[in-house]
Amino acid sequence: MLVSACGLESGSAVPLRVGPGSIQPVPELDGVSITVGSKDFTEQNILGYLIEFALSAAGAQVRDLTNIQGSNSVRDAQLHGQIDISYEYTGTGWMNYLGNETPIPSETGQFDAVRDADLAAHDIVWTDMAPMNNTYALAMSKQTAQETGVTTLSDYAKLVDTDPDAAATCVGTEFNVRQDGYPGMARKYGIDTGKVHKQIVQDSVVFQATADGKQCRFGSVAATDGRIPALGLVLLEDDLGFFPKYNAALVMRKSFADAHPQVATVMAPISNLLNNETITELNRQVDVDGHEPAEVARDWMVAQGFVTAR
């Protein structure tokens with residue numbers, strides 16, 4: 001049984017129980033209690049449930065602590081042993097947690113750098129990097145692109161300078177303050193933040209507001225969000241290469257990873273299949289079609305043959 005933080009069976013609304021597929025019970029994980037965490041947005045919830053289904057099929061007793069509010073809260077929970085495993089993004093680890101200001105250009109280079117630094121500084125293990133790269137971006141509607149001629153972040157910076165009203169921007173709460181978000185982007189592109197007509201809104205509001213083009217013309221998004229293609233939004237090119245790579249990878253405390261090396265082995269083939277196209281489609285099923293993250297994650301695991309629904 002998958003158990004939520006409040007002690008309720010997660011499968012009360014969705015049939016979450018799974019049986020063996022290609023993931024077979026692992027004797028070393030039989031009955032081992034593992035707490036899985038995630039942040040409080042669609043993609044993170046899906047990723048958290050993928051871990052839960054996989055480790056449950058392997059025989060572990062999984063406790064669900066997905067949907068924790070904010071990146072720093074998840075990080076603190078991990079450092080203090082309240083959660084054992086989660087998916088985290090390499091760019092977030094490198095810049096937001098470790099305090100670096102300059103990203104590593106390549107995906108493997110960024111992963112290697114954050115893996116080595118976080119292990120040395122905090123005894124956190126990074127492993128099983130997925131090909132999906134959920135980088136930050138600014139988005140606009142196709143109509144806004146046609147009306148403004150903006151295609152790149154450099155174009156956007158010029159528009160802020162010459163016509164601030166035409167560059168009205170909606171940003172999510174975290175993006176507004178993170179150094180790998182608007183403040184760092186503004187420094188890189190020479191944007192005068194005093195000129196920016198910026199509204200801080202919930203992330204879920206950004207997409208429709210940007211598509212409508214009334215409340216704002218531009219909006220902060222995560223590149224693998226399923227609402228981008230669904231609403232016909234266009235991503236601005238990061239022509240100066242500011243935004244880090246945000247490949248998802250498993251993170252665990254070293255003590256937990258050393259005690260249960262089988263966890264990384266179970267999760268590796270799942271991570272290998274998580275490319276941008278796949279995760280964007282799973283996100284779309286939640287945010288556009290209205291399905292539950294647990295249901296979407298379970299159905300994908302079944303479709304890939306990792307588990308069997310029962």
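Computed from heavy atoms alone, side chains included, the values below leave out hydrogens, waters and symmetry copies.
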Can you list the residues that meet the side-chain hydrogen bond (donor to acceptor under 3.5 Å, both in side chains) rule with Tyr136, with sequence neighbours excluded?
none
Tell me, please, which residues at least two apart from Gln44 pass side-chain hydrogen bond (donor to acceptor under 3.5 Å, both in side chains).
Tyr89
Name each donor-acceptor pair under 3.5 Å that joins a side chain in residues 19-34 to protein atoms two or more places apart or in another chain, with its distance.
{"residue": "Ser22", "atom": "OG", "partner": "Gly305", "partner atom": "O", "Å": "3.3"}
{"residue": "Gln24", "atom": "NE2", "partner": "Gly21", "partner atom": "O", "Å": "2.5"}

Quick one: which of Thr92, Thr135, Asp180, Thr90 gives a side chain to side chain donor-acceptor pair (under 3.5 Å) with Tyr246?
Asp180
Only one of Asn134, Asn133, Thr42 clears side chain to side chain donor-acceptor pair (under 3.5 Å) with Thr224; which?
Asn134
Name all pairs fulfilling the salt bridge (charged side-chain N to carboxylate O under 4.0 Å, His left out) condition that reach into [range], sequence neighbours left out, sorted by first residue then second.
| range | value |
| --- | --- |
| residues 152-173 | Asp161-Lys195 |
| residues 65-81 | Arg75-Asp118 |
| residues 223-233 | Asp225-Arg227, Arg227-Asp287 |

Pairing donors with acceptors under 3.5 angstrom, does anything connect the side chains of Glu43 and Asn283?
yes
With sequence neighbours left out, what residues match [X] under salt bridge (Lys or Arg N to Asp or Glu O under 4.0 Å)?
| X | value |
| --- | --- |
| Arg115 | Asp112 |
| Glu147 | Arg217 |
| Lys142 | none |

Any Lys/Arg nitrogen of Asp289 or Arg284 sitting under 4.0 Å from an Asp/Glu carboxylate oxygen of the other?
yes
Return each pair, listed once, that meets side-chain hydrogen bond (donor to acceptor under 3.5 Å, both in side chains) where at least one residue sits in residues 260-276; pairs must be two or more places apart or across chains.
Tyr87-Ser271, Asn275-Thr278
Residue pairs passing the ring-ring contact (aromatic ring centres under 6.0 Å, His included) test with at least one member in residues 91-113, sequence neighbours excluded, are none
Atom pairs and distances, side-chain donor-acceptor, residues 198-206, under 3.5 Å, sequence neighbours left out:
{"residue": "Lys198", "atom": "NZ", "partner": "Asn176", "partner atom": "OD1", "Å": "2.8"}
{"residue": "Gln199", "atom": "OE1", "partner": "Gln215", "partner atom": "NE2", "Å": "3.1"}
{"residue": "Gln199", "atom": "NE2", "partner": "Gln215", "partner atom": "O", "Å": "2.9"}

